[in-house]
Amino acid sequence: MQSESSTGSASGRIAIVQGLRTPFAKQGTLYKGLSALELAKIVVSELLQRAELDPREVGLCVFGQVVPSLSAPNIAREVVLGTAMPKNIEAFSVSRACATSLQSMTSAAEAMLAGQHDVAVTGGADSASDVPFTVSKRLADSLVAASKARSLAEKLSAFSRLAPRDFIPVPPALKEPTTGLTMGESAEKMAKEAGISREEQDALAHRSHVRAAEAWRRGVFSDEVMHVVPGPRYDSPITEDNLVRKDSSLEAYARLKPVFDRKYGTVTAGNSSPLTDGASALILMTEGKARSLGYSPLGYLKSWAYAAVDPAGWMLMGPSYASPIALDRARLRLRDLDLIEMHEAFAAQVLCNKKAVASEDFAEKLGRSEAIGDIDEEKFNVHGGSIAIGHPFAATGARLVTTTLRELKRRGARYGLVTACAAGGLGAAVVVEAEQ
Ligand SMILES: CC(C)(COP(=O)(O)OP(=O)(O)OC[C@H]1O[C@@H](n2cnc3c(N)ncnc32)[C@H](O)[C@@H]1OP(=O)(O)O)[C@@H](O)C(=O)NCCC(=O)NCCS
């Protein structure tokens with residue numbers, strides 16, 4: 001972890017110069033013909049143009065994708081090669097599940113704080129519509145054996161023991177490898193054990209849609225969300241997220257059936273983040289470089305922290321573990337914050353984390369003398385969250401950072417916390433500071 005104070009250099013702060021995202025779209029809808037890489041190239045090209053940044057100034061590209069494309073495993077490098085950036089810009093890809101574009105941002109910042117680069121492009125993209133189906137282990141073994149066979153008879157014999165079920169395509173696993181639980185099942189476990197009611201979850205999801213719809217109506221997102229015009233006809237611009245419900249009603253949530261525990265559960269399609277396609281990106285610079293190029297940044301990275309919990313327990317509690325560390329590193333308390341943006345994987349996860357940070361018992365568990373703090377509703381996910389806006393896994397972190405910094409500016413406020421849970425029991429937290 002590095003922070004302003006720990007760099008010891010006046011130009012040591014990392015500036016977030018600009019951020020941009022595509023509209024987010026429900027799986028299998030507006031972007032069903034586009035891969036994650038294509039979405040990434042679209043957003044990065046537009047970001048560079050909007051920032052009027054000479055691509056030759058960029059030294060590093062760090063990008064991420066959670067559901068990998070087998071044809072382009074290093075998405076960061078393909079983003080460089082597929083945009084106006086010179087081909088000699090180095091690039092690497094990262095994955096930290098739902099916190100991937102927080103990781104791409106902080107990995108680039110670490111390289112910059114080490115003096116290796118002064119301008120970086122970072123972000124993340126995912127397409128839930130373009131997932132890599134693979135083959136069964138038995139068919140894969142047969143294909144390898146056939147590729148090594150020296151005769152037609154040997155080739156044929158490599159397939160001789162396969163059963164019809166071995167030819168069934170295998171979708172990517174959304175289960176935790178160690179527990180076998182999906183994220184939704186983990187959310188369900190947390191809701192049950194913490195006593196989070198269906199009503200509380202539905203109310204939070206409804207709030208998310210109402211706030212996001214209002215933000216769209218008021219034009220809050222217009223500078224941070226680009227228009228995408230997909231080919232081959234290029235005649236239907238996509239200008240808004242298509243998951244935000246402009247007519248959200250609490251009664252409609254109550255009618256939905258639980259998905260992850262059909263009999264006793266409370267987690268539904270309405271109070272979960274949906275499977276989504278989209279991309280987002282940021283331009284980072286050292287403060288000195290930003291000034292020398294004449295930019296007035298959105299803000300600065302103040303501190304960050306990652307943490308982990310046992311995925312067999314309450315898997316989605318990462319924000320409650322990572323946030324106090326990031327706050328300590330920023331020398332701030334929760335009450336000093338002007339905005340808090342928490343990724344809404346599931347309403348149950350958000351509610352569990354809100355309870356934990358307000359709890360003395362949880363603080364004691366962390367070895368702290370007092371609770372981290374109560375989250376003020378008026379500072380929390382003020383323009384809705386992932387439940388309404390959608391959650392293209394790797395794109396969410398950069399979305400949260402851009403929205404937070406723009407809103408801090410709008411309010412003339414200073415400090416924001418961005419936090420996310422992630423598969424594997426991971427948690428991420430970043431403190432940002434708006435340009436004053
Ligand atoms: C929860 C999940 C399984 C639902 O998938 P789905 O069934 O395809 O969801 P849909 O969007 O089709 O919604 C199902 C129904 O609920 C309705 N619905 C969803 N949200 C609603 C809302 N806010 N209000 C009213 N109705 C709603 C839909 O209209 C749909 O109705 P229909 O069947 O009449 O068309 C899926 O979104 C999922 O897996 N989410 C979790 C993803 C995840 O694990 N992310 C990682 C977290 S970090």
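Atom set for the values below is all heavy atoms of this structure, side chains included, hydrogens, waters and symmetry mates excluded. Read the numbers this way: they start at 1 and go in the same order the structure lists the ligands and their atoms. Along the sequence shown, residues carry numbers from 1.
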Is it the case that [X] places NZ or CZ above or below the six-membered ring of [Y], under 6.0 angstrom from the centre and within 45 degrees of the axis?
X      : Y      : result
Lys26  : Tyr31  : no
Arg77  : Phe92  : no
Arg165 : Phe167 : no

[atom] protein-contacted (non-hydrogen atom, under 4.0 angstrom):
atom                    : answer
atom 12 (O) of ligand 1 : yes
atom 2 (C) of ligand 1  : no
atom 29 (O) of ligand 1 : yes
atom 20 (N) of ligand 1 : yes
atom 35 (O) of ligand 1 : no
atom 7 (O) of ligand 1  : no

Between [X] and [Y], is there a donor-acceptor pair closer than 3.5 Å when you use the side chain of the first and the backbone of the second?
X      : Y      : result
His227 : Ile238 : no
Arg399 : Ser280 : no
Ser359 : Lys355 : no

Practice problem: Examine Tyr321 together with Phe362 and report whether their ring centres are nearer than 6.0 Å. | Solution: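 Aromatic pair counts; centres sit under 6.0 Å.
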Measure the distances from the heavy atoms of [X] to every atom of ligand 1 and state whether one is below 4.0 angstrom.
X      : value
Ala205 : no
Ser248 : no
His343 : yes
Lys26  : yes

Return the residue, atom name and 0.1 Å-rounded distance of the protein heavy atom closest to [atom].
atom                    : result
atom 17 (C) of ligand 1 : Leu256 CD2, 3.7 Å
atom 43 (C) of ligand 1 : Phe346 CZ, 4.0 Å
atom 18 (N) of ligand 1 : Arg245 NH2, 3.3 Å
atom 9 (O) of ligand 1  : Ala269 CB, 3.8 Å

Quiz prompt | Pair Arg245 + Asp247: basic N to acidic O under 4.0 Å | solution =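 The answer is no: the pair does not qualify as a salt bridge.
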Quiz item: Is it true that Glu433 and Arg13 have a side-chain N and a carboxylate O under 4.0 angstrom from each other?
Solution: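 Looking at Glu433 and Arg13, the cut-off is met.
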Is [X] touching ligand 1 with its side chain, its backbone, both, or neither, if touching means heavy atoms under 4.0 Å apart?
X      : answer
His391 : side chain
His206 : neither
Val267 : neither
Arg255 : neither

Quiz item: Between CG of Leu60 and OG1 of Thr122, what distance do you get to the nearest 0.5 Å?
Solution: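 Those atoms lie 9.0 Å apart.
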Which ligand 1 atoms are under 4.0 Å away from a heavy-atom of [X]?
X      : result
Pro274 : 37 (O)
Cys98  : 48 (S)
Phe393 : 45 (N), 46 (C)
Ala345 : 47 (C), 48 (S)
Ser273 : 37 (O), 40 (N), 41 (C), 42 (C), 45 (N), 47 (C)

Quiz item: Is there a side-chain contact between Val350 and Phe380, using heavy atoms and a 4.5 Å cut-off?
Solution: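 Result yes, sub-4.5 Å side-chain heavy-atom pair found.
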Practice problem: Measure the shortest side-chain to side-chain distance between Met190 and Leu316 over non-hydrogen atoms and say whether it is less than 4.5 angstrom. | Solution: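 With C-beta onward as the side chain, the pair touches.
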Practice problem: Please report the C-alpha distance between Glu344 and Ser208 in whole Å, then the side-chain angles of each, then the deciding distance to 0.1 Å, and finally whether the side-chain hydrogen bond (donor to acceptor under 3.5 Å, both in side chains) criterion is met. | Solution: CA-CA 9 Å; Glu344 296 171 351; Ser208 184; 2.7 Å; yes
Exercise. For the pair Thr286 and Asp118, evaluate side-chain hydrogen bond (donor to acceptor under 3.5 Å, both in side chains) and give the outcome as yes or no after the intermediate values.
Key: CA-CA 5 Å; Thr286 54; Asp118 50 19; 5.0 Å; no
